[in-house]
Amino acid sequence: MSNPVTIIMIEDDEGHARLIERNIRRSGVNNKILPFRNGTDAVGYLFGSDGSGTDQKGKALLILLDLNLPDMTGIDILKRVKENKHLKSTPVVVLTTTDDSQEIKRCYEFGCNVYITKPVNYESFANAIRQLGLFFSVIQVPPAAA
Amino acid sequence: MTSDTRRRRALGQILLLAAGLLVLVAISAASVLLVNKARQDNALVVHTVEVENQINAVLLELRRAESAARAYLLTRWPEFLTDHEQAVANVTPYTDKLAQLAADNPFQVENVKKMRAAIDIRLDQFKREMDFIKRDEPTSAAALVREAAAGNTNAIIRDVTDKMHAEEERLFDLRTANGDRSQILASSVTIAGSCIVIALGAIAAFQVRRSTRVRDEAATKLRDLNVTLETSVQERTADLREANDEIQRFAYIVSHDLRSPLVNIMGFTSELEELRGDIFKRIAALSHTASEAAALPENATDSAEPALEGADKQLSDDFSEALGFIKSSIAKMDRLITAILNLTREGRREFSPERINTRELIEGIAATVAHQAAEANAQIRIEPLPEITSDRLALEQIFSNLIDNALKYLRDAVPGDIAIRGRTKLGFAIFEISDNGRGIDPKDHQRIFELFRRAGTQDKPGQGIGLAHVRTLVRRLGGTMSVASELHKGSTFTITLPVNWAAKRKADA
């Protein structure tokens with residue numbers, strides 16, 4: 001992936017976060033990964049203290065989003081990101097345990113770019129994350145503006 | 001209204017009627033008695049008057065006799081003589097009659113005796129006067145008249161009759177008063193009785209009105225209840241549905257949240273497994289290096305599986321065994337959670353009833369399992385089946401689960417024979433899926449329908465979900481399901497479904 005894209009990982013489960021990070025690294029992606037354990041912290045980082053998102057204006061970001069967060073649902077964050085004029089072009093990858101077809105449909109309707117279900121089977125899980133990493137290495141993200 | 005108050009009210013009405021009847025009887029009896037008494041009193045009054053009249057009559061006759069005798073003495077007209085004789089002749093019978101009338105009163109009897117004595121004297125004087133006149137001795141007669149007038153006979157007679165009059169007047173007053181009292185009593189009793197009857201009638205009317213009102217109120221209440229019953233049934237149904245939805249949501253969330261830690265356990269177990277490989281590879285390499293003392297050190301790391309020996313090999317095997325158990329348990333747990341998720345998802349699905357040719361539907365299922373059937377050396381016979389209105393997907397799941405089970409649990413040595421039969425009865429379609437497989441012990445007939453429970457030899461893969469799922473679906477479709485089976489003789493599953501199932505009946509299921 002063209003540097004310097006930062007991967008924002010919003011995942012409440014530390015174990016999941018560790019496994020995801022490990023497998024992304026194994027696929028050869030070395031970008032900076034910023035982990036957030038809950039929705040509030042992530043929202044605070046993404047939209048700043050005034051909630052406008054000006055802080056992140058022009059930065060190259062990619063968001064890895066879990067839907068089941070302790071303080072809010074990932075869908076709320078997805079909606080806000082896609083409604084914010086500075087962040088709406090940021091790719092959002094929803095990575096969650098939910099495989100409900102209604103939920104998947106809603107996420108795409110709100111503008112999610114990729115939806116991946118975490119398989120319990122670790123081989124499938126590792127495989128999916130590695131493929132995601134490979135995908136990251138070829139994906140084009142809106143570049144950082146001057 | 002409780003039965004107690006109702007009984008009390010009925011008793012009250014009976015008592016009221018009885019009281020009314022009693023009062024009427026009492027009034028009638030009292031009236032008859034009092035009227036009789038009044039008649040007696042009146043008869044007594046009349047008797048008194050008669051006695052007085054008789055006294056007067058006797059006196060009148062005496063006076064008549066006296067005056068006629070005097071007139072005859074003066075004039076010597078024979079008419080006066082006749083008159084006198086007539087009067088004298090009347091006196092004795094009249095006196096007898098008076099005695100007869102006054103016989104009931106001892107005081108009057110005494111008086112009549114006295115009076116009779118005086119009258120006898122007086123009559124004797126008359127007789128003597130008349131004798132003197134007949135003998136033509138007027139002076140003697142006149143002297144006798146004078147003597148009589150001066151004598152006290154007349155005075156005695158007057159005295160006695162005055163006494164008798166007084167007595168009769170006293171009796172008259174007494175008897176009149178008695179009669180008046182009887183009449184007043186009679187009318188009082190009549191008036192009082194009428195009042196009581198009117199009062200009882202008023203109470204009865206009041207009670208009738210009250211019971212009518214109570215009945216009207218009850219009728220209104222009943223009508224209201226009927227109206228609200230429908231509403232409350234709907235409310236309850238809505239509550240039940242809500243509770244059911246809540247359980248479904250709960251199961252969904254729980255199974256979902258259980259999955260998350262499972263991903264970690266599985267993930268890090270796999271990581272551990274990889275670590276184990278690295279660790280034991282290094283141990284093997286190190287022991288090789290130590291024992292063979294620098295014999296081709298690079299080859300050691302390159303070789304895929306450097307041989308472990310003795311205690312190291314044991315350690316490695318234990319490690320693998322532990323990891324193997326952990327992984328298989330996690331896999332099982334994952335399957336269970338997935339099964340619960342699928343069940344809740346099924347439970348939340350809305351059914352859409354449509355006309356279904358069940359024979360075609362089951363033939364389609366048989367076609368998809370044809371390969372398995374051939375492998376198991378089994379045949380599936382489908383007899384003519386009724387058409388029903390129901391949910392297609394649910395029916396497919398029901399029958400494919402049952403046919404799968406029949407194929408899965410055949411006896412190894414015996415060619416399989418699976419038959420599907422159907423008939424209709426009283427608006428219900430009855431399907432029977434029978435096989436000649438291994439059968440189910442009767443003590444397990446309930447157990448097989450429970451979630452995650454299985455029966456018999458556990459030589460086939462499965463979660464113990466199929467039949468639980470099938471029964472849930474059948475119930476949601478408004479039907480029932482049962483099994484008849486004997487070990488080693490095959491099983492027959494019977495499913496009863498309504499021929500015309502409407503979606504709204506889901507609430508009842």
Side-chain angles (χ1 to χ4, degrees), chain A residues 9-27 35-39 64-75 93-107 115-133, chain B residues 245-278 319-320 322-350 352 393 461 463 465:
Chain A
M9 181 166 65
I10 306 167
E11 168 65 66
D12 66 311
D13 191 308
E14 214 170 344
H16 287 201
R18 193 85 189 87
L19 290 174
I20 291 167
E21 195 180 341
R22 236 181 234 191
N23 282 290
I24 287 178
R25 292 290 180 233
R26 276 177 194 153
S27 68
F36 290 97
R37 296 285 308 283
N38 58 60
L64 257 181
L65 180 64
D66 185 13
L67 291 184
N68 305 308
L69 297 172
D71 49 355
M72 61 180 77
T73 80
I75 287 185
V93 175
V94 173
L95 183 57
T96 185
T97 42
T98 313
D99 59 354
D100 187 77
S101 56
Q102 289 292 321
E103 203 86 314
I104 296 170
K105 193 168 160 240
R106 268 176 75 199
C107 281
Y115 189 108
I116 297 169
T117 303
K118 292 176 196 164
V120 174
N121 183 304
Y122 187 62
E123 264 171 51
S124 322
F125 182 86
N127 203 21
I129 304 297
R130 275 178 207 154
Q131 282 177 12
L132 185 67
Chain B
D245 288 351
E246 194 125 315
I247 291 169
Q248 300 267 7
R249 266 200 302 280
F250 173 76
Y252 186 76
I253 289 167
V254 164
S255 48
H256 229 275
D257 288 355
L258 284 177
R259 226 181 192 183
S260 209
L262 214 54
V263 170
N264 278 338
I265 299 169
M266 195 61 163
F268 285 104
T269 309
S270 300
E271 293 284 319
L272 265 183
E273 206 171 21
E274 235 162 82
L275 277 178
R276 175 208 154 267
D278 291 349
F319 214 118
S320 298
L323 285 174
F325 274 119
I326 294 173
K327 286 179 85 171
S328 67
S329 299
I330 295 166
K332 186 173 181 195
M333 196 157 171
D334 179 44
R335 284 197 301 272
L336 296 183
I337 290 172
T338 311
I340 295 176
L341 269 176
N342 287 337
L343 275 181
T344 60
R345 208 166 286 163
E346 266 309 313
R348 293 195 296 177
R349 195 171 70 82
E350 289 293 322
S352 52
L393 193 55
Q463 312 302 326
I465 287 167

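Below, chains carry the letters A, B, ... as their sequence lines are ordered, and counting in each starts from 1.
With rounding to the nearest 0.5 Å, the separation of CG in B/Asn264 from CZ in A/Arg18 is 12.0 Å. Atom CE of residue B/Met266 and atom CD of residue A/Glu123 lie 8.0 Å apart, to the nearest 0.5 angstrom. Separating the CD atom in B/Glu271 from the CZ atom in A/Arg22 is a distance of 4.0 Å, to the nearest 0.5 Å. Between the CG atom in B/Leu262 and the NZ atom in A/Lys118 there is a gap of 12.5 Å [rounded to 0.5 Å].
Here the shortest heavy-atom pairing between B/Val263 and A/Thr97 reads CG2-CG2, 4.3 Å.
Chosen from B/Gly267, B/Ala331, B/Ser270, the residue pairing most often with chain A at heavy-atom distances under 4.5 Å is B/Gly267.
Side-chain contact between A/His16 and B/Ser260 is present, with heavy atoms from C-beta onward closer than 4.5 Å.
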